[in-house]
2 protein chains.
Amino acid sequence: MSTRLSAAIHEPFPPAAALLMLTPWSPHQADHAGRLAGALLHFDQDREIYCEGDEAGTFFKVVSGVARTCKFLSDGRRQIDAFHVTGDVFGVEAGPSYSLSAEAACDCTVTSYRRRGIDASAFHDAGLSRQLFAYAMQSLARAQDHALLLGRKSAVEKVAAFLLDWAKNSPSGQDVTLAITRQDVADYLGLTIETVSRTLSHLERQALIALSSPRQIRLRDLAALRGFNA
Amino acid sequence: MSTRLSAAIHEPFPPAAALLMLTPWSPHQADHAGRLAGALLHFDQDREIYCEGDEAGTFFKVVSGVARTCKFLSDGRRQIDAFHVTGDVFGVEAGPSYSLSAEAACDCTVTSYRRRGIDASAFHDAGLSRQLFAYAMQSLARAQDHALLLGRKSAVEKVAAFLLDWAKNSPSGQDVTLAITRQDVADYLGLTIETVSRTLSHLERQALIALSSPRQIRLRDLAALRGFNA
DNA sequence: CGATTGCTTGATACCTCTCAACCCAGGTGG
DNA sequence: CCACCTGGGTTGAGAGGTATCAAGCAATCG
């Protein structure tokens, strides 16, 4: 999915972590300091949350649903950069404006945080600055993996990677419940909706997955799916 | 080209810059503090500088030549993430190990810096932490643009974008002198070497560029080239 | 119900890859 | 001096993967 700022909170503190990966940080903590008022916002599917180039005065955390961040070409072609699920933070910028657009991939509730609070805190707080750096580097690592996928993988490899990625969040580790459309999957993988559909059907025919409904996918052969990548 | 940590040094300080984009930072400054010994290293073309997964105890700045950072699939397919030219910093990590491999794209001299120094400084110095954050976010923005290119652009659009990108560094703004092979260009754009070659020939036939030699490219119609993107 | 949305499937086109030959410049050594 | 080799680049013919265009299906919703 996306880079998760808050994910670190749930993980044990790494024993010999690098200096630059220190205490986890969460907007919640900032809430307590009273600096970052969090407004709860709801967006219907496909509603724009913000647009590339807008002044980046706010960042967001997903409360429920899925948000997507993406870029567009002038003729409408779209590349989705990441999906953001519950707990994920998105819209954090270093510059003055958003470098991506953000939209609700399905009905979606988010908390918004005023950036000024973070900026001000980070100005004094080296720890917070380090958190932001770690967050950015984590996003960067994801973006680099994504580039490898987009530039060098075939359709099957892309879809397999996508499924495995989403399955990691499921309790069983082999069930994927998609809250997003085929179009979103396609625009994330750099494919068309038809190719995504065909590839899923193909994988089902091979008995590598089972589609109980279009949005409910069971990974029946994790080893084989992993084999598509490396 | 790549994200440049030091590029900011040469640019006027933005008047109303966001809080998170403060004073430029350069390894040189750190040198003066005596914390980051800079060793000068030379790499012949295609020599490995470091490998994905290696312990990231060092980062680098290009003195001359071009370095590339990239990822590989198990069967050898390669995706180049970025090229780094004189002045560019690469190999900065938040985690314990490198997320990419780095190699000399041509004969290449780099300065190496011990990471410990930076880590230690950043621990106390909020300003340095902010610099690192800004650096990471700039890299992230480049990676996102790259993903759009890889996922959604055609071969001509990719090549045109590549040429325009490199021409920005040339004094005239319309001459590109490549120090890298067609294979590197291809692996950066997610194409094959033949497609890159054919596309360049195609652009030359259209009189949009002139190839005085394979490595010496003149952009004859910037407007038309820009038109390929948007 | 009819309309809409999301998804699947088929036929065909086309873009890029693959495989192969060839060119050119530079270096090496007989 | 030239034959030879090598690395980098170009070009061609054909194959193949994905896109495009189009039709149809199922579920949902007014």
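By convention in this document, chain letters (A, B, ...) are assigned in the order of the sequence lines, proteins followed by strands, and residues within each chain are numbered from 1.
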Candidate list A/V89, A/V110, A/T69, test side-chain contact (heavy atoms from CB on, under 4.5 Å), partner A/H84, passing option
A/T69
Reference residue B/D184; test side-chain contact (heavy atoms from CB on, under 4.5 Å); the match among B/I80, B/V196, B/L178, B/L189:
B/I80
Could you give the [atom1]-to-[atom2] distance, from [X] to [N], as a whole number of Å?
| X | N | atom1 | atom2 | value |
| --- | --- | --- | --- | --- |
| B/R215 | D/dG7 | CZ | P | 14 Å |
| B/D44 | D/dG7 | CG | P | 14 Å |
| A/Q216 | C/dG6 | CD | P | 18 Å |
| B/D187 | D/dG9 | CG | P | 12 Å |
| B/R182 | D/dG7 | CZ | P | 18 Å |
| B/I217 | D/dG9 | CD1 | C1' | 12 Å |

Output all residues satisfying ring pair (Phe, Tyr, Trp, His ring centres under 6.0 Å) with A/F60, sequence neighbours left out; order by chain, then residue number.
A/Y50, A/F90
Both B/Q45 and B/T195 contact DNA chain D. Taking the nearest nucleotide for each, which residue is further toward the 5' end?
B/Q45
Between CZ on residue B/R152 and CD on residue B/E157, distance to nearest 0.5 Å
11.5 Å
Which value, rounded to the nearest 0.5 Å, describes the distance between A/S201 atom OG and A/I209 atom CD1?
8.0 Å
side-chain hydrogen bond (donor to acceptor under 3.5 Å, both in side chains) partners of [X], counting only residues at least two apart:
| X | answer |
| --- | --- |
| A/Q144 | B/S99 |
| A/D175 | A/S172 |
| B/D46 | B/R68 |

The contact string for nucleotides 21-30 of chain D, one letter per nucleotide 5' to 3', using protein heavy atoms under 4.0 Å with B, S and - for base, sugar-phosphate only and none, comes out as BB--------
For [X], enumerate each residue passing the salt bridge (Lys or Arg N to Asp or Glu O under 4.0 Å) test, keeping only those at least two apart in sequence or located in another chain.
| X | answer |
| --- | --- |
| B/D221 | none |
| B/R182 | none |
| B/D81 | none |

Write down the atom of [X], the atom of [Y], and the distance for their closest heavy-atom approach.
| X | Y | answer |
| --- | --- | --- |
| B/A179 | B/C106 | O-CB, 3.4 Å |
| A/T195 | A/A155 | CG2-CB, 3.8 Å |
| B/A161 | B/L149 | CB-CD1, 3.8 Å |

Short N/O separations, protein against nucleotides 22-27 of chain C, under 3.5 angstrom:
none

Closer to the 5' end of DNA chain C via nearest nucleotide, is it A/I193 or B/L191?
A/I193
Interface with DNA chain C, restricted to [range] and to heavy atoms under 4.0 Å:
| range | result |
| --- | --- |
| residues 73-81 of chain A | none |
| residues 147-157 of chain B | B/S154, B/A155 |
| residues 201-214 of chain A | A/S201, A/P214 |

Any side-chain N or O of B/T181 under 4.0 Å from OP1/OP2 of D/dG8?
no
Quick one about A/S97 and A/E55 (side-chain donor to acceptor, distance below 3.5 Å, no hydrogens or angles considered), yes or no?
no
Parallel, tilted or perpendicular: which fits the ring planes of A/F83 and A/F162, with parallel below 30° and perpendicular above 60°?
perpendicular
